[in-house]
Amino acid sequence: MSEAGEQSLPGRRPQFGARFLKDKKNVFEHNAWDNVVWDDTQEAAAMAKVQENSEVTLTPEDIQKLEEEAAHHWDAFYGIHQNRFFKDRHWLFTEFPELAPHLAHTFPRKIQPGEGADSDGIPASGSEGQEPAEHYRILEVGCGVGNTVFPILKVNNDPGLFMYCCDFSSTAVDIVKESPDYDTNRCRAFVCDLTSEAWGAPFPKSSLDVIVCIFVLSALNPDKFDHTVRMMADYLRPGGLILFRDYGRYDLAQLRFKKGRCLSENFYSRGDGTRCYFFTQDDVRKLMTDAGLEEVQNLVDRRLQVNRGKQLTMYRVWVQAKYRKPAVKDTQQVSTLS
């Protein structure tokens, strides 16, 4: 991981990648082990399990119904769990130091002469007479109830930061807005279907410095991945980043699916109607580079989590990546005199 992740910041946990299991007899000495290497036997067992639960038994009508009712199922999920299900992601600043205060202007954006400001104090095209200033715009897609947004706003107190966040679920967005930590001077939440042709976003295209996409793309129909990533790329400014983390192939969650839950290859329906896809590094690389983005990071994070009380071991697999929108290169017009 990045050297910047080793620096200490409020609310940050120790960096991943530093605790290795050298002797399996010591597995229950800690709650988690990093960068666990799978042997051939374990890999073959995982592949066999996925093969076993990969038969598609749902009818096309049932699969289409899950697609059409996706928003309803997420509304129901957040209606039941409110803000109690997910924990705040303080690990963000370790894995993605671009979100930390001392690096908040790694990709600064200057307001160009002639740009004004919208109701959030964020630059908007079309107004005149404003002095150039620096701002740092972050969008989190699939924000849920704010477990990423609020830690960023608490830790990153840069006055130039403005955070946008959106979710498919109007219930989740309402919960974000009702939080005492929701400050309209620093944040705006809105409902958005990432798979739609028009997001109705409260910011222009080519304006965002960072898009945070964590355990979100996996919830969408794989047929819509390409379009969604291209839309994200369109909203990034040149030099802007997508920070990505999601379920990896053969993660414990995939191996736990029972027969009858598979919708298509590596794509499943949970009991509550929400859905989940499991990525490989190549999946992510193709999606991002096809959208014209440049690879900064693409890795598999294999973690062994341990329940010491129950003497259980749980193998987790995530794909983590960073992709940058290419900077605009200066071009010189050369005229040929004849």
Side-chain angles (χ1 to χ4, degrees), residues 47 49-82 85-86 140-145 165-175 189-201 211 213-235 242 244-280 282-284 286-288 290-291 317-319:
M47 293 175 65
K49 182 62 178 176
V50 168
Q51 183 65 33
E52 179 183 317
N53 66 25
S54 289
E55 182 181 358
V56 178
T57 58
L58 293 175
T59 65
E61 291 76 18
D62 288 337
I63 293 173
Q64 181 60 30
K65 185 177 180 181
L66 286 169
E67 176 76 12
E68 294 171 352
E69 297 181 351
H72 165 74
H73 290 303
W74 281 111
D75 279 340
F77 175 90
Y78 288 114
I80 294 170
H81 298 290
Q82 296 291 304
F85 191 84
F86 298 111
E140 186 197 6
V141 294
C143 64
V145 295
C165 59
C166 64
D167 201 277
F168 196 23
S169 167
S170 59
T171 301
V173 171
D174 287 343
I175 293 171
F190 62 101
V191 177
C192 179
D193 177 358
L194 299 177
T195 67
S196 64
E197 292 297 324
W199 283 9
I211 295 178
C213 183
I214 298 177
F215 297 105
V216 173
L217 207 60
S218 56
L220 307 180
N221 188 322
D223 291 343
K224 298 183 178 181
F225 287 168
D226 285 318
H227 170 74
T228 302
V229 173
R230 289 180 188 277
M231 289 290 286
M232 288 193 284
D234 284 347
Y235 278 106
I242 291 179
F244 175 93
R245 188 172 175 88
D246 218 320
Y247 296 104
R249 193 68 47 83
Y250 308 137
D251 178 61
L252 173 68
Q254 183 176 19
L255 303 186
R256 280 181 168 175
F257 276 106
K258 306 297 184 184
K259 292 181 179 179
R261 290 293 177 184
C262 188
L263 305 176
S264 62
E265 189 174 5
N266 300 301
F267 186 46
Y268 304 83
S269 170
R270 301 185 181 95
D272 61 5
T274 62
R275 299 167 300 171
C276 189
Y277 181 85
F278 296 86
F279 292 91
T280 65
D282 287 342
D283 286 339
V284 177
K286 187 175 190 309
L287 285 170
M288 298 292 180
D290 282 356
V317 183
W318 299 296
V319 176

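- Atom CG of Asp226 and atom CE of Met288 lie 11.0 Å apart (nearest 0.5 Å).
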* To do: Could you please spell out the steps behind the side-chain contact (heavy atoms from CB on, under 4.5 Å) verdict for Asp283 and Arg249?
  => CA-CA 10 Å; Asp283 286 339; Arg249 193 68 47 83; 3.0 Å; yes

* To do: Begin with the C-alpha distance, continue with both residues' side-chain angles, and end with the deciding distance and a verdict on side-chain contact (heavy atoms from CB on, under 4.5 Å) for Trp199 and Met232.
  => CA-CA 10 Å; Trp199 283 9; Met232 288 193 284; 3.7 Å; yes

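- Checking side-chain atoms of Ser264 against main-chain N and O of Phe267 turns up no donor-acceptor pair under 3.5 Å.
- Smallest separation of non-hydrogen atoms from Tyr268 and Ser54: OH-OG, 3.9 Å.
- Note that the CD atom of Glu197 and the NE2 atom of His227 stand 4.5 Å from one another [nearest 0.5 Å].
- Taking each heavy atom of Val191 and Ser170 in turn, the nearest pair found is CG2-CA, 3.8 Å.
- At least one donor-acceptor pair under 3.5 Å links the side chain of Asp167 to the backbone N or O of Gly144.
- Here the side chain of Gln254 pairs a donor or acceptor atom with the backbone of Tyr250 at under 3.5 angstrom.
- Here the side chains of Thr228 and Val216 are not in contact, with every heavy-atom distance at 4.5 Å or above.
- Tyr277 and Glu265 get closest at one heavy-atom pair: CE1-O, 3.4 Å.
- Distance check, rounded to the nearest 0.5 Å: CZ of Phe225 to CG of Leu194 gives 11.5 Å.
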* **side-chain contact (heavy atoms from CB on, under 4.5 Å) assessment of Cys166 paired with Val173** => CA-CA 7 Å; Cys166 64; Val173 171; 5.9 Å; no

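- The distance from the OH atom of Tyr235 to the CZ atom of Arg230 is 16.0 Å, given to the nearest 0.5 Å.
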* Going through the distances and angles, do Leu255 and Val50 end up as a side-chain contact (heavy atoms from CB on, under 4.5 Å)? -> CA-CA 6 Å; Leu255 303 186; Val50 168; 3.7 Å; yes

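- In plain terms, the two heavy atoms of Gly248 and Phe278 that are nearest each other are O-CD2, 3.6 Å.
- In this structure Phe244 satisfies the ring pair (Phe, Tyr, Trp, His ring centres under 6.0 Å) test together with Phe279, sequence neighbours excluded.
- Here the straight-line distance linking atom CD of Glu52 with atom SG of Cys262 works out to 12.5 Å at 0.5 Å rounding.
- Among pairs with a residue in residues 214-224, those fulfilling side-chain hydrogen bond (donor to acceptor under 3.5 Å, both in side chains) read Glu67-Asn221, Glu67-Lys224, Ser218-Asp246, at least two apart in sequence or across chains.
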* To do: Dump the intermediate steps for ring pair (Phe, Tyr, Trp, His ring centres under 6.0 Å) on Phe215 and Tyr247, then the final yes or no.
  => CA-CA 7 Å; Phe215 297 105; Tyr247 296 104; 4.9 Å; yes

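- Heavy atoms only, all atoms of each residue included: Val229 and Ala291 are closest at CG1-CB, 3.8 Å.
- To the nearest 0.5 Å, atoms CG (Asn266) and CZ (Phe257) are separated by 11.0 Å.
- Of all heavy-atom pairs between Ser269 and Leu66, the closest is OG-CD1, 3.7 Å.
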